[in-house]
Amino acid sequence: MKKAIIDLGTNTFNLLVAEIDGKNIKVLHAEKEGVAIGMGGINANIITKDAMLRGEKTIQRFLEVCQNYAVENVSAFGTSALRDAGNTSEFLSELENKFQLKVHIISGDKEADLIFNGVNQLYDFEEKGVIIDIGGGSTEIIFASKAGVQSVASLNIGVSRIYQKFPWSDPLTKKEIEIIRHFLEDNSQGFLDNRNEPLMIGSSGSFETFWELAHLQAFPNEQRIFEVEKTAFEETLYQTIRSTQKERDVNPFILPIRKIMAPITAVKTLWMMEKLKTQKIYISPFSLKEGALFSTDF
């Protein structure tokens, strides 16, 4: 069966087209578009008109791709920005009227569940760890072991929320780095306090970008977990924090939408590594979309 997943994220809309045979996935097409549906309104809990237009244009193109692949089943869902906005129904009605596409808004806990299901396809948790999925609106944190999910939180500490909340220098100043860290402390509900979790599993997205920056090559198109050397990974984060917008704009390994927020993401990643006492880092190319492929909820 050919199935497509459309993930309407706060910063990026993601499309995954795959052929499913039992538990096997053959990826036919995968892409992401920096729609920035949360830009201009996420902290006021609204989706702007411009953001809606960008979203509609991308959805139209995604559905044309699905049609070209003769996809039998298209499932679409929205996450943090659409979850919180007061005018989301207006946007979803437009998508349904224009494209006959029904978009499901999923809770933070459901989002975390799908992320775990995606990562779990590549990692069996013989060694327990914490999955981190850094989004534009929220961040999902999932403590898991061989027995399954132990505890989970979906926190509204996404990088787009932080980016739009404060004015920023180029590059970030030491004071601004502290502002980010204080924001994370104040809004993480103490969920990461007093933790000792040596293994961090970065879920797709920004973690793949940092892998590419560290290795100066595209993230491998392989269905497996990748380990990244901690010292090299940390140095990449520090370099990203020190970088200027001009330097990021010409960097081919950073998606356009991430070019403006990458330093904030790097500060946030280092903060989480400190809180969790991270010693080992894995990166999973499978995440929410892959978890949703086998879901019966959409």
Side-chain angles (χ1 to χ4, degrees), residues 1-33 35 37-38 55 58-59 61-63 65-67 69-84 88 91-92 95-96 99-125 131-142 144 148-149 152-154 158 201-208 221 223-225 283-298:
M1 179 183 71
K2 291 180 182 177
K3 185 173 182 178
I5 299 295
I6 300 177
D7 165 20
L8 289 74
T10 298
N11 280 342
T12 58
F13 281 14
N14 299 271
L15 170 64
L16 174 66
V17 179
E19 193 162 13
I20 303 173
D21 182 12
K23 292 186 176 180
N24 297 317
I25 298 172
K26 180 182 179 182
V27 176
L28 303 177
H29 182 91
E31 66 170 296
K32 54 189 67 179
E33 180 73 31
V35 172
I37 198 72
T58 298
I59 291 297
R61 187 173 63 78
F62 280 3
L63 291 175
V65 172
C66 293
Q67 188 173 27
Y69 279 98
V71 171
E72 303 159 51
N73 183 301
V74 179
S75 296
F77 51 84
T79 56
S80 184
L82 293 174
R83 191 157 58 226
D84 293 347
T88 292
F91 177 55
L92 300 193
L95 295 182
E96 191 160 7
F99 310 118
Q100 292 74 56
L101 179 70
K102 182 173 180 58
V103 177
H104 303 266
I105 302 302
I106 59 175
S107 68
D109 285 348
K110 182 62 179 178
E111 185 175 357
D113 181 56
L114 294 175
I115 291 166
F116 171 77
N117 289 342
V119 173
N120 196 208
Q121 292 175 44
L122 299 182
Y123 183 69
D124 61 10
F125 289 92
I131 302 170
I132 303 291
D133 189 282
I134 297 175
S138 63
T139 291
E140 279 61 53
I141 304 168
I142 306 137
V149 174
V152 62
S154 178
I201 304 169
S203 169
S204 188
S206 297
F207 283 93
E208 291 182 349
N221 184 22
Q223 295 183 9
R224 66 180 180 90
I225 290 285
I283 298 176
S284 170
F286 276 23
S287 183
L288 189 152
K289 302 184 302 299
E290 291 76 14
L293 277 176
F294 295 101
S295 175
T296 59
D297 295 337
F298 309 113

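Residues L122 and I225 come closest through the heavy atom pair O-CG1, 3.7 Å. Heavy atoms only, all atoms of each residue included: D297 and S295 are closest at N-OG, 3.1 Å. Taking both residues in full, the closest heavy atoms of E140 and G108 are given as CG-O, 4.1 Å, listed atom of the first, atom of the second, then distance. In terms of heavy-atom proximity, L16 sits nearest to A30 at CD1-CB, 4.2 Å. Residue S203 comes nearest to I115 through the heavy atom pair OG-CG2, 3.8 Å, listed as atom of the first residue, atom of the second, then distance. Heavy-atom minimum distance, S204 versus K32: OG-NZ, 4.5 Å.
Side-chain contact between L8 and F91: present, with at least one pair of heavy atoms (C-beta onward) separated by less than 4.5 Å. With a 4.5 Å cut-off on side-chain heavy atoms, I5 and L288 do not count as touching. Side-chain contact between F13 and I6 is absent, with no heavy atoms from C-beta onward closer than 4.5 Å. F294 is not listed as a side-chain neighbour of N117, based on a closest heavy-atom distance of 4.5 Å or more. You'll find the side chain of F286 reaches within 4.5 Å of the side chain of I25, heavy atoms only. You'll find the side chain of I132 reaches within 4.5 Å of the side chain of I141, heavy atoms only. Between K2 and L28, some side-chain heavy-atom pair lies under the 4.5 Å cut-off. A 4.5 Å side-chain heavy-atom check between V27 and Q223 finds at least one atom pair inside the cut-off.
If you take CZ on F77 and CG on L114, they are separated by 6.0 Å, rounding to the nearest 0.5 Å. Put simply, CD on E31 and CZ on F62 are 4.5 Å apart, with the number rounded to the nearest 0.5 Å. A distance of 5.5 Å separates NZ of K3 from CD1 of I20, quoted to the nearest 0.5 Å. Here L92 contributes atom CG and H104 contributes atom NE2; the two are 10.5 Å apart, rounded to the nearest 0.5 Å. One distance of note links CD of E19 with CE of M1; it measures 10.0 Å at 0.5 Å rounding. With values rounded to the nearest 0.5 angstrom, K23 atom NZ is found 14.5 Å from L293 atom CG.
R83 places no side-chain N or O within donor-acceptor distance of the main-chain N or O of G78, the cut-off being under 3.5 Å. Not a single donor-acceptor pair under 3.5 Å links the side chain of K289 to the backbone N or O of N14. The closest donor-acceptor contact from the side chain of Q121 to the backbone of E290 lies under 3.5 Å.
At most 12 heavy atoms of other shown residues, nucleotides or ligands fall within 6.0 angstrom of atom CG in N221.
Checking S287 against D133 by side-chain atom types alone, a donor-acceptor pair falls below 3.5 Å.
Each of N73, L101, L15 was scored for a side-chain contact (heavy atoms from CB on, under 4.5 Å) with C66, with one residue passing: L15.
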